[in-house]
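Let me begin by presenting the structure, written as structure tokens, before commenting on it.
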Amino acid sequence: MKFPLLYLSFALALICPALTNAQVTHRDLLQKFSITEVKQSLIPQDQFKPFPQSPDAWKKVLPDSVIKQLVHNGEVALKKQFNNIPATVTLEYVRTGNRTDYEKLSFEKRNQLWDLTLAESVEGKGRFTDQIVNGVWSICEESFWGATAHLGSQKAGAGLPDVEEPIVELFSAETAAVLAWTDYFVGPQLQKVSKLIRPRIKYEIERRTFNPMITGHWGWAGNGNANAKLNNWAPWIASNYITANLLIEKDETKRADALCRAMKIVDQYLNGLGADGGCDEGPSYWFAAGGCVYDALNMLHDATNGKINIYHDPFIQKMGSYVYKTHIAGSYFINVADAHPTITADGLMLYRFGKDMGDKQMMNFGSWAYHTLSGEGAGVEQFRRTRTLYNLLAITDCKNYPAKEDDVADAWFGDVQLMASRSANGLFVASHGGDNGESHNHDDIGDFMIYANGYPVIIDVGSGTYTSRTFSKDRYKLWFNTSPYHNLPTINGQEQGSTAEYKATDVKYVQNAGISTLSMNLTKAYPAEAGLKSWGRIVKMDKTKGVEIDDNYELLKPANSITQSFMSVSDINTDSPGKIIFTLPDHTNVYLDYDANAWSVKKEKMELTTPEDQGLKHSWDGKTIWRVLLTNKTGEQSKMLKYFIHK
């Protein structure tokens, strides 16, 4: 699942994830396996061979076309140099807020090394070895393996890294795994070049990852608080930590201890999820959250001869099914918080996960995504390389498996308060409650989105390019993070608040007889200055008619102002009073009916000019983003407001 660097920069995590003492359920699924069981079942390091290590072995499991692709990737990488990262580029984050330039240099080096390593492993002619050595040495010589945006967790703060205080974060863990796999696949070749290379790999991984994991308390892991709710950092880092330890650590006691440490971290992430298994960071983050749980489970399963196996636990099955239940159409998925609207979903991983869980609907969806979205290639991405290796082994099986999209008609995730519903005539709606203290939060309680015929009509704009402002005190100065630029009302000039105390209440979901309804009270989503006595919102899908949004409000006194926003990338016509016409790429229309006596209407083009805005251009494929703004003309103290969206 690739994302351009400008778009992400990096769109999966940040300096120190916000942790809360929200409801945590101590399922402790992996801790049910004792340290004694782990030690007894763990395959010794020198016997652990999860993937082929020679060209002949690769040829038995990979199609010739994939081997050619991997060799070609290596040949492209062979023409590139391993560039140093200047101190001034590292300092850009604190000087200008730019993190993209540093990440581009850092990520490309690891991509090059990975491509060279796989090419040499499948070809075995030695022509990539010297450049692999250059890559290993260059990365080992770096002062810091992570992202500049994460240096704030060092005592010295952001800026240049303090080499005396290694920190474990996303990309230091990623780097440890990349180097560990390099040693696994081409270690003997490196040994022939110099006997110092493999010990250097082990030394740097121990210094930068293994030792700090033992001695440090990390915010992303709860700082020692077992009741802290963790986000996607936890399983992502843990999965790479598991990989590096299994491959590099020769002391079997330390190796087993590290696995148990990682299992606790994965458990704590799972404990923080609601009973529905939903991901409050949205489907695109699921691939770096629930997907990374699966990465960890893969290695734990294989390293213990299948003894550590929780694939069939009902909770893991709920967590896995979330991703296909939030699919809209094509590459569009429901996007909440910082999640993005389109995903080139990793079909091979989805297929494998479904197969391991025994979930045929997920297998169907994964095969569909592989054949439809992924281009049927090897699916190599720039992160989570262990996942890539497992994907390689699944290509032949997935290619021969029937591809079926299997749209889910209705879905409800009670803990993250997210509903979705689709009609037979191609109309889709999603809406959610929740609170404004969720991970990667946008102030968007009560927001909804509408798609028709697989095209976006009324949208959640999503998140732009990450800069130093994204996770600072200025986060809610970025327009796309605020409620006036979601499909929500602004009341007496007041937008929604930005902490967990601002929330939906009285949330209720009902689904029967072709009608799906989500109702909630938005009163506590707004500050007292809004003058609200109550504000109820109902989002209803009538599968024979369309989608109705009902806002029933009562103010403490007559309103000074009420506006209602609708965000869209469609062609929009507002000329007819009481009707907004959205024209889709297939030249069909979707209509939004409103009370022309109560509202005036105008259309605003969002000018994407800031560094943060640039990612939105990619999110919506260069389409113009519009805000349709309804302004209330009556100022009534109480009223029922209705909007009806139909084809």
Side-chain angles (χ1 to χ4, degrees), residues 2 5 49-59 61-85 102-142 145 171-205 208-209 240 243-244 247-248 377-393 395:
K2 289 189 176 181
L5 287 170
K49 307 294 181 185
F51 298 100
Q53 291 178 295
S54 70
D56 288 342
W58 278 116
K59 288 176 183 176
V61 296
L62 292 185
D64 290 343
S65 60
V66 174
I67 291 176
K68 289 179 181 178
Q69 179 185 340
L70 296 176
V71 172
H72 172 74
N73 293 344
E75 290 171 338
V76 172
L78 199 57
K79 298 174 183 177
K80 301 176 182 178
Q81 297 300 311
F82 284 95
N83 296 312
N84 294 326
I85 304 176
Y102 177 96
E103 289 172 3
K104 186 174 188 296
L105 287 169
S106 177
F107 297 165
E108 283 186 352
K109 290 173 74 171
R110 284 126 180 96
N111 294 340
Q112 287 169 232
L113 178 61
W114 183 246
D115 287 342
L116 291 164
T117 298
L118 286 187
E120 182 58 40
S121 185
V122 301
E123 185 185 79
K125 295 180 180 179
R127 60 180 176 134
F128 301 101
T129 303
D130 277 355
Q131 193 65 346
I132 292 172
V133 170
N134 287 336
V136 167
W137 211 251
S138 176
I139 290 171
C140 286
E141 290 288 297
E142 290 177 353
W145 279 357
F171 305 116
S172 62
E174 278 278 340
T175 303
V178 170
L179 289 175
W181 281 123
T182 301
D183 182 86
Y184 174 85
F185 285 119
V186 296
Q189 294 93 312
L190 301 181
Q191 189 81 356
K192 291 178 182 178
V193 175
S194 171
K195 294 181 180 179
L196 297 177
I197 298 172
R198 299 184 78 181
R200 178 72 185 277
I201 289 174
K202 186 174 188 295
Y203 169 77
E204 295 295 348
I205 292 176
R208 301 174 192 250
T209 306
N240 282 303
T243 294
L247 298 176
I248 291 295
V380 178
E381 59 170 309
Q382 65 173 340
F383 302 110
R384 298 178 288 276
R385 277 87 173 184
T386 303
R387 182 181 303 176
T388 295
L389 294 171
Y390 280 104
N391 283 352
L392 288 173
L393 300 189
I395 288 175

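Counting begins at 1 with the first residue of the sequence.
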>> For the CG atom of L78 and the CG atom of D130, what is their distance to the nearest 0.5 Å?
In response: 9.5 Å
>> Which residues pass the side-chain hydrogen bond (donor to acceptor under 3.5 Å, both in side chains) test with N84, not counting sequence neighbours?
In response: none
> Which atom pair, heavy atoms only, marks the closest approach of I248 to A180?
Replying inline: CG1-CB, 3.6 Å
> Who passes side chain to side chain contact (heavy atoms under 4.5 Å, CB included) against A177, sequence neighbours left out?
Replying inline: N240, T243
> What is the distance from atom CG of L118 to atom CG of L62, rounded to the nearest 0.5 Å?
Replying inline: 9.5 Å
> Can you name the ring-ring contact (aromatic ring centres under 6.0 Å, His included) partners of F51, sequence neighbours left out?
Replying inline: W181, Y390
> Q53: what forms a side chain to side chain contact (heavy atoms under 4.5 Å, CB included) with it, not counting sequence neighbours?
Replying inline: K49, Y184
> Is there a side-chain contact between I205 and I201, using heavy atoms and a 4.5 Å cut-off?
Replying inline: yes
>> With rounding to the nearest 0.5 angstrom, report the CZ to CH2 distance, F383 to W114.
In response: 13.5 Å
> Once you round to the nearest 0.5 Å, how far does OG1 of T182 lie from CD1 of I139?
Replying inline: 7.5 Å
> Among pairs that include at least one residue of residues 69-84, which meet salt bridge (Lys or Arg N to Asp or Glu O under 4.0 Å), considering only residues two or more places apart or in two chains?
Replying inline: E75-R127
> Rounded to the nearest 0.5 Å, how far apart are CD1 of I132 and CZ of F82?
Replying inline: 8.5 Å
> Got a sec, which residues hit side chain to side chain contact (heavy atoms under 4.5 Å, CB included) with P63, two or more places apart in sequence or on another chain?
Replying inline: S65, V66, I395, T396
> What heavy-atom pair brings S172 and T209 nearest, and what distance separates the two atoms?
Replying inline: O-OG1, 4.0 Å
>> To check you understand the geometry: which heavy-atom pair defines the closest contact between W58 and L389, and what is its length?
In response: CH2-CD2, 4.4 Å
Pairs of donor and acceptor atoms involving the side chains of residues 190-200, under 3.5 Å and at least two apart or interchain, shall be tabulated with distances.
unit_1, atom_1, unit_2, atom_2, d
S194, OG, L196, N, 3.2
R198, NE, D183, OD1, 2.7
R198, NH2, D183, OD2, 3.1
R200, NE, E204, OE2, 2.8
R200, NH1, E141, OE2, 3.0
R200, NH2, C140, O, 3.1
R200, NH2, E141, OE2, 2.8
R200, NH2, E204, OE2, 3.1

>> Going by the rule salt bridge (charged side-chain N to carboxylate O under 4.0 Å, His left out), which residues pair with E174 if we only count those two or more places apart in sequence or in a different chain?
In response: R385
> Any idea which heavy atoms bring P50 and L393 closest together, and the distance?
Replying inline: O-CD1, 4.4 Å
> Can you list the residues that meet the salt bridge (charged side-chain N to carboxylate O under 4.0 Å, His left out) rule with E142, with sequence neighbours excluded?
Replying inline: K109, R110
> Does a side chain donor of either N111 or E108 reach within less than 3.5 Å of an acceptor in the other side chain?
Replying inline: no
> Quick check: does any side chain N or O of T117 sit under 3.5 Å from a backbone N or O of L113, one acting as donor and the other as acceptor?
Replying inline: yes
> In Å, rounded to the nearest 0.5 Å, how long is the span from CZ of F107 to CD of Q112?
Replying inline: 14.0 Å
> Between F185 and S121, which heavy-atom pair has the shortest distance, and what is it?
Replying inline: CD2-OG, 3.4 Å
>> Using side-chain heavy atoms (C-beta onward) and a distance below 4.5 Å, is L70 in contact with L392?
In response: yes
> Which is it for W145 and V178 under the side-chain contact (heavy atoms from CB on, under 4.5 Å) test, yes or no, and what are the steps along the way?
Replying inline: CA-CA 11 Å; W145 279 357; V178 170; over 6 Å; no
> Which residues pass the side chain to side chain contact (heavy atoms under 4.5 Å, CB included) test with Q189, sequence neighbours left out?
Replying inline: E120, T129, V186
>> Could you work out, with ring-ring contact (aromatic ring centres under 6.0 Å, His included) as the rule, every residue matching Y102, not counting sequence neighbours?
In response: none
